[in-house]
Amino acid sequence: MEKHIYLVGFMGSGKSTLGPVLAREMKRPFHDLDSLIETQQNQTITAIFDSEGEPFFRELESDSLVQSQYLEPCVMALGGGAFVSEFNRNLICEHGISVWLKIPLQLARNRCVDSQDRPLARDLEQWDSLFQGRQTHYSLADIHIEVERKSPQQIVAEIQERLEEMVL
Ligand code: S3P
């Protein structure tokens, strides 16, 4: 399988934690789109949101996604908003397989409530509508995996099984 594996899902769903484990299992490099943006901009995501605003961050996100097509086949964790844009989804669909790490609202909230590096987790009132509004977008992913009450190893094994089914 030569396509990238893109991990999508809401903040706190485990994309950046599970990604390296999956990549190791698949003997592929791992990349985190937010980290690529931070390195390129020499600024944290929070600083980019604060100084330039979210629309500018979304442009950087799409640009980095365009660049990702030139990487060797990898596992890539995307930021929670990346799969909302149709432009991004089309790119992902063309160059990869998308895996939605499906997390319930409350668990995502518990995991992110103290997060200092997530600008969109600052406003917990906005959190619920952001979560709800994104579910239809995430549901367009190729593979859906429930993450609640599963160990990282279980989730990664499940993703691998589903990927194998896809290429058979
Ligand atoms: C965002 C999620 C973050 C990061 C940015 C915006 C979002 O990534 O890209 O703060 O819109 O949901 P994580 O999902 O890795 O926290």
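The structure displayed is predicted, hence computed values, not measured ones. We count ligands from 1, going down the list as the structure has it; atoms in each ligand are counted the same way.
- The side-chain contact (heavy atoms from CB on, under 4.5 Å) test with I143 is passed by exactly one of I159, V8, L163, L7: L163.
- Listed by number with element, the atoms of ligand 1 under 4.0 Å from a non-hydrogen atom of R118 are 16 (O).
- Close approach of ligand 1 to D34 is summarised as follows: ligand atoms under 4.0 Å from at least one heavy atom of the residue are 3 (C), 4 (C), 8 (O), 9 (O), 15 (O).
- Atoms of ligand 1 lying under 4.0 Å from any heavy atom of L120, numbered from 1 in the order shown and given with element: 7 (C), 11 (O).
- In summary, the side chains of Q67 and D63 do not present any donor paired with an acceptor at a separation below 3.5 Å, with no hydrogens or angles considered.
- In this structure, the protein non-hydrogen atom closest to atom 2 (C) of ligand 1 is G80 N, 3.3 Å.
- Taking the six-membered ring where the residue is Trp, Y138 and F10 present perpendicular rings, their angle passing 60° and hence far from 30°.
- Counted by atom type alone, D117 and T46 present zero donor-acceptor pairs between their side chains at under 3.5 Å.
- Heavy-atom proximity to I45, at under 4.0 Å, picks out these atoms of ligand 1: 5 (C), 10 (O).
- Of all atoms in ligand 1, numbered sequentially from 1 with element shown, those under 4.0 Å from a heavy atom of G79 are 8 (O), 9 (O), 14 (O).
- Applying the 4.0 Å criterion to heavy atoms of R134 picks out, from ligand 1, the atoms 7 (C), 11 (O), 12 (O).
- Taking only nitrogen or oxygen atoms, main chain and side chain alike, S16 does not reach within less than 3.5 Å of ligand 1.
- A salt bridge does not link R162 to E158: none of the charged side-chain nitrogens sits closer than 4.0 Å to a carboxylate oxygen.
- In this structure, E54 has no heavy atom closer than 4.0 Å to ligand 1.
- Within the structure, the closest approach of R58 to ligand 1 falls below 4.0 Å when heavy atoms are considered.
- Considering only non-hydrogen atoms, atom 10 (O) of ligand 1 lies nearest to P119 out of A82, A121, P119.
- For G12, no nitrogen or oxygen atom sits less than 3.5 Å from a nitrogen or oxygen atom of ligand 1, counting backbone and side chain alike.
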Output side-chain donor-acceptor pairs under 3.5 Å for residues 130-137, partner residues at least two apart or in another chain, one line each.
| unit_1 | atom_1 | unit_2 | atom_2 | d |
| --- | --- | --- | --- | --- |
| R134 | NH1 | G80 | O | 3.2 |
| Q135 | NE2 | F131 | O | 2.8 |
| H137 | ND1 | R89 | NH1 | 3.2 |

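- Checked against a 3.5 angstrom limit, the closest N/O atoms of K15 and ligand 1 fall inside it.
- Listed by first and then second residue, the side-chain hydrogen bond (donor to acceptor under 3.5 Å, both in side chains) pairs that reach into residues 4-15 are Y6-S68, sequence neighbours excluded.
- Residue D123 places its CG atom among more than 12 non-hydrogen atoms of other residues, nucleotides or ligands, all under 6.0 Å distant.
- A 6.0 Å sphere centred on CG of N90 holds more than 12 heavy atoms belonging to other residues, nucleotides or ligands.
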